[in-house]
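Since the structure comes first, as structure tokens, the remarks are kept for the end.
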Number of protein chains: 2
Amino acid sequence: MQPDAIKRCLAGSGLRSTPQRYAVMAFLMKQAGHPTAVEIFEAVNRVDPRSSRATIYNNLRDLVHAGLVREVAVEGRAARFDAKGMRHHHFICDRCGNVEDVDWYDVPRPAAASLGRRVLRECELIFRGLCTRCAPRRVSR
Amino acid sequence: MQPDAIKRCLAGSGLRSTPQRYAVMAFLMKQAGHPTAVEIFEAVNRVDPRSSRATIYNNLRDLVHAGLVREVAVEGRAARFDAKGMRHHHFICDRCGNVEDVDWYDVPRPAAASLGRRVLRECELIFRGLCTRCAPRRVSR
DNA sequence: TGAACAGATTAGATTATATCTAATATGAAA
DNA sequence: TTTCATATTAGATATAATCTAATCTGTTCA
Ligand SMILES: [Mn+2]
Ligand SMILES: [Mn+2]
Ligand SMILES: [Zn+2]
Ligand SMILES: [Zn+2]
């Protein structure tokens, strides 16, 4: 991803391109996993310029609000974030809390009657179980 | 729900039936919504016996672990809980964070290939948007 | 029945996560 | 360049949840 593409991406959402905000977005785009705010804070501060903790949280909030970043709440753990690239679902490990991507496939929407006057924005499918590292090793014989 | 049914339900999961644990389970079963730990704490303590905050959290953890209660993580807010009665999906309001039930319907599982060696326990469908109270009123004419 | 004891409860301290404040700095439009 | 809405910052504060270690109690079984 070119630097200019990220800047245009931010501008297109009405967000000023600051070094701190750029760093968060660039990190999330090149990152395969689902880092927490603290992990992002540490990663972007390993190179200059330095961002404060408040700025990391502010920018994550703004990027999520702009629809460029997705926030994944995990029970009992810090929230995790990913840049919204290709659509995909999430698998959350019962044991270690890791969030992993699962190939996207279309999800049937609920019947209009069961939604009532609610305004539906998105359907999100979350899988739960044991991730590759936490699953019991296959029994050898 | 009879008191004995709840007690048998706890015993069936290997959990001792204490007044505090019983109170949490009974409250969640008669409750239509999705209260937070603090709301449960306040509700069960409006009648005796008094439960401490730690006990509310301990019991919620145990009940979730036993599969009797479901925990719903909401971004930026306290976790919410419901007793697992009839299967259903959840709608989470973007604006107020309220969690509401949506009639259950079967969800297609992902292709085995995209799961790899992960062990799938459940598929959870979460709808997001604006709840009835937060949705804009229909334009009158 | 009544020990015995694994499991449960408790108050309060502590940790983890996230937001707020208000002073200062800066991106980008004109 | 100047202007100013927007962004950043350090540190305080708020909120959510867990930990600790002393005490208590439900259930089992002799
Ligand atoms: Mn993802
Ligand atoms: Mn529910
Ligand atoms: Zn795992
Ligand atoms: Zn709402």
Side-chain angles (χ1 to χ4, degrees), chain A residues 3-4 6-26 34-42 44-45 47-66 68-69 71-81 96-97 99, chain B residues 3-4 6-26 34-42 44-45 47-66 68-69 71-81 96-97 99:
Chain A
D4 274 8
I6 296 179
K7 286 180 184 169
R8 267 183 276 110
C9 179
L10 294 173
S13 296
L15 296 172
R16 291 214 309 222
S17 177
T18 65
Q20 293 86 347
R21 182 172 290 157
Y22 179 93
V24 169
M25 195 63 203
H34 300 81
T36 64
V38 167
E39 286 165 355
I40 296 167
F41 172 75
E42 286 165 354
V44 305
N45 277 338
V47 297
D48 275 278
R50 308 201 96 64
S51 303
S52 73
R53 193 160 36 93
T55 295
I56 297 290
Y57 279 105
N58 286 343
N59 281 324
L60 285 169
R61 192 225 306 113
D62 295 344
L63 291 168
V64 167
H65 198 250
L68 299 174
V69 165
E71 175 174 359
V72 184
V74 185
E75 327 74 63
R77 304 184 188 247
R80 294 175 169 280
F81 300 87
C96 69
V99 176
Chain B
D4 273 8
I6 296 181
K7 286 180 183 169
R8 269 183 275 108
C9 179
L10 294 173
S13 296
L15 296 171
R16 291 216 308 224
S17 177
T18 65
Q20 293 87 347
R21 182 172 291 156
Y22 179 94
V24 168
M25 195 63 204
H34 299 82
T36 64
V38 167
E39 286 165 354
I40 296 167
F41 172 75
E42 287 166 352
V44 303
N45 278 337
V47 297
D48 275 280
R50 309 204 95 66
S51 302
S52 75
R53 195 160 35 93
T55 295
I56 296 290
Y57 280 105
N58 287 344
N59 280 325
L60 284 170
R61 191 228 304 114
D62 294 345
L63 292 168
V64 167
H65 199 251
L68 299 174
V69 164
E71 174 173 359
V72 184
V74 185
E75 328 74 63
R77 306 186 187 245
R80 295 175 169 279
F81 299 87
C96 70
V99 176

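Below, read A as the first sequence line, B as the second, and so on, with proteins coming before strands; counting in each chain starts at 1.
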Practice item. Under 4.0 Å between any heavy atoms, over every strand shown, what does A:A54 touch: base, sugar-phosphate, or nothing? Just pick one. Key: base

Practice item. Rounded to the nearest angstrom, tell me the gap between atom CZ in A:R77 and atom C1' in C:dA18. Key: 18 Å

Review point. Just how far, in rounded Å, is P of C:dT9 from CG of B:L60?
Key: 11 Å

Exercise for review: Could I get the full list of side chain to side chain donor-acceptor pair (under 3.5 Å) partners for B:E42, not counting sequence neighbours?
Suggested key: none

Practice item. Please figure out whether B:T36 or A:Q20 has its closest DNA chain D nucleotide nearer the 5' end. Key: A:Q20

Point to revise | Gap between atoms CZ and P, on A:R21 and C:dA28 respectively (whole Å) | key: 10 Å

Revision key, fill the gap. The residue, A:R53 or A:P19, whose nearest nucleotide of DNA chain D is more 5′ is A:P19

Revision key, fill the gap. Here the distance between atom P of C:dT26 and atom CG of A:N59, to the nearest Å, is 15 Å

Check your understanding: Just how far is it from atom NE2 of B:H65 to atom CG of B:L15, taken to the nearest 0.5 Å?
Key -> 10.5 Å

Practice item. Could you tell me whether a side-chain N or O of B:R77 sits under 3.5 Å from a main-chain N or O of B:C96, the two making a donor and an acceptor? Key: yes

Study note, to complete from the structure: Result for 5'-nearest mapping on DNA chain C, choosing between A:N58 and A:V38, is A:V38

Exercise for review: Measure the OH-OG distance between A:Y57 and A:S52 for me, rounded to the nearest 0.5 Å.
Suggested key: 11.5 Å

Exercise for review: Determine the minimum heavy-atom distance between A:L60 and A:A37, stating which atoms define it.
Suggested key: CD1-CB, 3.8 Å

Review point. Can you check the A:I56 CD1 to C:dA16 P distance for me, whole Å?
Key: 20 Å

Exercise for review: May I ask you to decide if A:R16's main-chain N or O and A:R21's side chain share a donor-acceptor pair within less than 3.5 Å?
Suggested key: yes

Exercise for review: Considering only heavy atoms of chain B and a distance under 4.0 Å, specify the first and last nucleotide of DNA chain D in 5' to 3' order that meet this criterion.
Suggested key: D:dA16 to D:dT27

Practice item. Measure the spacing between NZ of B:K7 and OH of B:Y22 and express it to the nearest 0.5 Å. Key: 6.5 Å

Practice item. Could you check which residues of residues 9-18 of chain B get a heavy atom under 4.0 Å from DNA chain C? Sort them by number, please. Key: B:R16, B:T18

Practice item. Classify the nucleic acid contact of B:S51 as base, sugar-phosphate or nothing, counting any heavy atom under 4.0 Å across all strands shown. Key: sugar-phosphate

**Study point:** For atom NE2 of A:H65 and atom P of C:dA18, their distance in whole Å
**Key:** 18 Å

Practice item. Ignoring hydrogens and angles, tell me if any N or O in the side chain of A:R80 forms a donor-acceptor pair with the backbone of A:V72 under 3.5 Å. Key: no

Practice item. Can you tell me the distance, in whole Å, between the CD atom of B:E75 and the C1' atom of C:dA18? Key: 14 Å

Review point. Taking CG from A:D4 and P from C:dG27, how many angstroms apart are they, rounded to a whole number?
Key: 16 Å

Practice item. Please report the closest heavy-atom contact between A:A78 and A:T36, naming both atoms and the distance. Key: CB-CG2, 4.0 Å

